[in-house]
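Accompanying notes for the structure given below.
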Amino acid sequence: MMSDNKEYLAKRQLKRGSAGWILLAGLGVSYVISGDFAGWNFGIAEAGWGGFAVATVLMAVMYLTLVLSLAEMSAAIPASGGGYSFARQAMGPAGGYLTGLAVLIEYALAPAAIVIFIGSAVEALLGFNGPWVYALFYIVFISIHLAGVGEALKVMMVISGLAVFAIIATAIALFTHFDVSRLFDIAITDAAGASEFLPFGWYGVWAALPFAMWLFLAVEGVPLAAEEAKDPAKDVPKGIIGAMLFLLFTALLVVVLIPGAGGASAMGASAVPLVDALNVTGNASLATLVNILGLAGLVASFFSIIYGYSRLVFALSRAGYFPKSLSVTTSRKVPARALIVPGIFGFLASLSGEGDLMLAMAVVGATVSYALMALSHILLRIKQPELARPYKTPGGMITSAIALVLSLVALTGVYAFDPRAFLFTVVLFVIGAIYYFAYSSKHLVAHSADEEFAMLAEAEAALSAK
């Protein structure tokens, strides 16, 4: 424990009251929106449209049950660490750290992958690409975050709005071209359980799970903004549930209308499915606009996930898991080092050019964190029934148990699709665990989540009294 906790925490404050529930819902949509433009459709190539539809329903149920569980925990434990904070409260310092590490793998690797895709989009539109393009995007959008959270979230809402407009305009244009027969234009294989609906059998459904996750991946990051919300107990649950409901709507639009207008076989192999579906149906002018706005979708997710990793690193650093200097905030109450240092690592990772591998590794980190967060909800219900819960999860532990089981199934799906990504992520976990048990477990600021939150509240009270 540090000798002067008030002074320590006074240097590590975020700006309270910067975001209402609408901005938080926008943050949740922004995290995910790039997944509607590309990536998800490769699941059709793995499973056929019917198999991918089954995978999408399973992952939609997993995310919805997880979001409802997180809504309860975020209202009861409104701390910037999100899932890490919930797991620490339920499972102690080691459980909190391992959950935080899983989320960090997801949030650190996803921007590195997305910036590679941004580079490809810039090349298609303007004719140039390369590491300096990646560096430029990191520098520009980290700089916007350094200006302050309120400013950053408003910029993010505008960019996300452009991306959402592109999706809805595409859906309207394709509606009259929809033909059910186009959903089933993939030849039936001899795989076990194969049919017109499941041309690649049940194994295809399994391998398609990671792609179905791209329609919702990272929405769980909304609670990372809890300490900057106007009324965390009300705003965070409303924000994350609102974001999830909207993402279910956009997922339905793209999964049904894109292959239903452009053909499942062609869309399963498309790098830009919305654009290709519009071109096939004679909407060339809108296709050009959507191609441009698709870049806005990538930028929105890139921009918002940078916000997410910075708040997670801030929380882990403030608690002593990571070097404590990473959680020092500026005069604008922005965790500058938690924005910049992971950004440098992300840029270096992007130089590999292996965007697909990094996204698959991010999905492994995500599914592990989902299992641990769902387990945290169950343990908190059992261990701390008296905990004040301004919002309660419908279905209680049954809901979080569904999220737990489906997240473990999704984890095995990554292995079915890409064993290399699975093994590489395990290596990162082992390195992170060695760091914790050999070093950081001996340098924690507080021995429990309750103790850390009490210290933080005391420091805030002292500041407001000045």
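Residues Ile33 and Ile167 are in side-chain contact: their nearest non-hydrogen atoms beyond the backbone lie under 4.5 Å apart. Contact of the Ile77 side chain with the Arg88 side chain is not registered, since no non-hydrogen atoms from C-beta on lie closer than 4.5 Å. Looking only at side-chain heavy atoms (C-beta outward), Met361 and Leu428 come within less than 4.5 Å of each other. The shortest distance between side-chain heavy atoms of Asp356 and Phe117 falls below 4.5 Å. Considering only heavy atoms from C-beta on, Val364 stays 4.5 Å or farther from Ile105 through its side chain. In this structure the side chain of Ile240 never reaches within 4.5 angstrom of the side chain of Leu24, judged on heavy atoms. With contacts defined as side-chain heavy-atom distances shorter than 4.5 Å, the pair Ser69/Met373 does not qualify. Counting heavy atoms from C-beta outward, Val341 and Leu326 have side chains that approach closer than 4.5 Å.
Applying the side chain to side chain donor-acceptor pair (under 3.5 Å) rule to Tyr370 yields the partners Tyr63, Glu220; only residues at least two apart in sequence or on another chain are considered. Tyr97 meets the ring pair (Phe, Tyr, Trp, His ring centres under 6.0 Å) test with Tyr321, Tyr436; sequence neighbours excluded.
Counting only distance, with no hydrogens or angles, the side chain of Ser350 and the backbone of Phe347 share a donor-acceptor pair below 3.5 Å. Thr65 contributes a side-chain N or O that, together with a main-chain N or O of Val61, makes up a donor-acceptor pair within less than 3.5 Å. Side-chain atoms of Asp418 never come within 3.5 Å of backbone atoms of Val414 as a donor-acceptor pair (strictly under, hydrogens ignored). A donor-acceptor contact shorter than 3.5 Å is absent between the side chain of Thr329 and the backbone of Pro335. Between the side chain of Ser310 and the backbone N or O of Leu339, no donor-acceptor pair lies under 3.5 Å. A donor-acceptor pair is defined here as one N or O able to donate and one able to accept, closer than 3.5 Å; no such pair exists between the side chain of Thr425 and the backbone of Gly365. A side-chain donor-acceptor contact under 3.5 Å links Ser317 to the backbone of Ser327. A donor-acceptor contact shorter than 3.5 Å links the side chain of Thr393 to the backbone of Leu68. No side-chain donor-acceptor contact under 3.5 Å links Asp36 to the backbone of Ser34. In terms of modelled atom types and a separation under 3.5 Å, the side chain of Lys324 and the main chain of His443 share a donor-acceptor contact.
The environment of OH in Tyr435 is crowded: more than 12 heavy-atom neighbours from other residues, nucleotides or ligands sit within 6.0 Å. The 12-atom threshold is not exceeded at CD1 of Ile398, counting heavy atoms of other residues, nucleotides or ligands nearer than 6.0 Å.
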Q: Quick one: do Leu224 and Tyr31 satisfy side chain to side chain contact (heavy atoms under 4.5 Å, CB included)? Show the steps, please.
A: CA-CA 12 Å; Leu224 290 166; Tyr31 279 138; 4.2 Å; yes
Q) Can you list the steps and then say if Leu58 with Val54 is a side chain to side chain contact (heavy atoms under 4.5 Å, CB included)? A) CA-CA 6 Å; Leu58 288 172; Val54 172; 4.3 Å; yes
**Q.** Worked check of side chain to side chain contact (heavy atoms under 4.5 Å, CB included) between Met91 and Ser376
**A.** CA-CA 7 Å; Met91 296 184 282; Ser376 297; 3.4 Å; yes
Q: For the pair Leu351 and Leu348, evaluate side chain to side chain contact (heavy atoms under 4.5 Å, CB included) and give the outcome as yes or no after the intermediate values.
A: CA-CA 5 Å; Leu351 298 180; Leu348 294 174; 4.2 Å; yes
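Val32 and Ser301 make their closest contact through C-OG, 3.7 Å (heavy atoms, listed as atom of the first residue, atom of the second, distance). Residues Phe128 and Val122 share a closest heavy-atom pair of O-CG1, 3.5 Å.
For the atom pair Ile340 CD1 and Ile306 CD1, the distance stands at 11.5 Å (nearest 0.5 Å). From Arg311, atom CZ reaches atom NE2 of His145 across 7.5 Å, with rounding to the nearest 0.5 Å. In this structure, the separation between OG1 on Thr56 and CZ on Phe211 is 11.5 Å, given to the nearest 0.5 Å. Going from atom CZ of Phe37 over to atom OG1 of Thr250 covers 9.5 Å, rounded to the nearest 0.5 Å. With rounding to the nearest 0.5 angstrom, the CE atom of Met397 is 12.5 Å from the CG atom of Leu404. Note that CD1 of Ile118 and CG of Leu136 are 10.5 Å apart. Values are rounded to the nearest 0.5 Å.
Between Trp206 and Tyr203, the ring planes are perpendicular. Angles over 60° get that label, and only those under 30° would be called parallel.
The aromatic ring centres of Tyr415 and Phe422 sit less than 6.0 Å apart.
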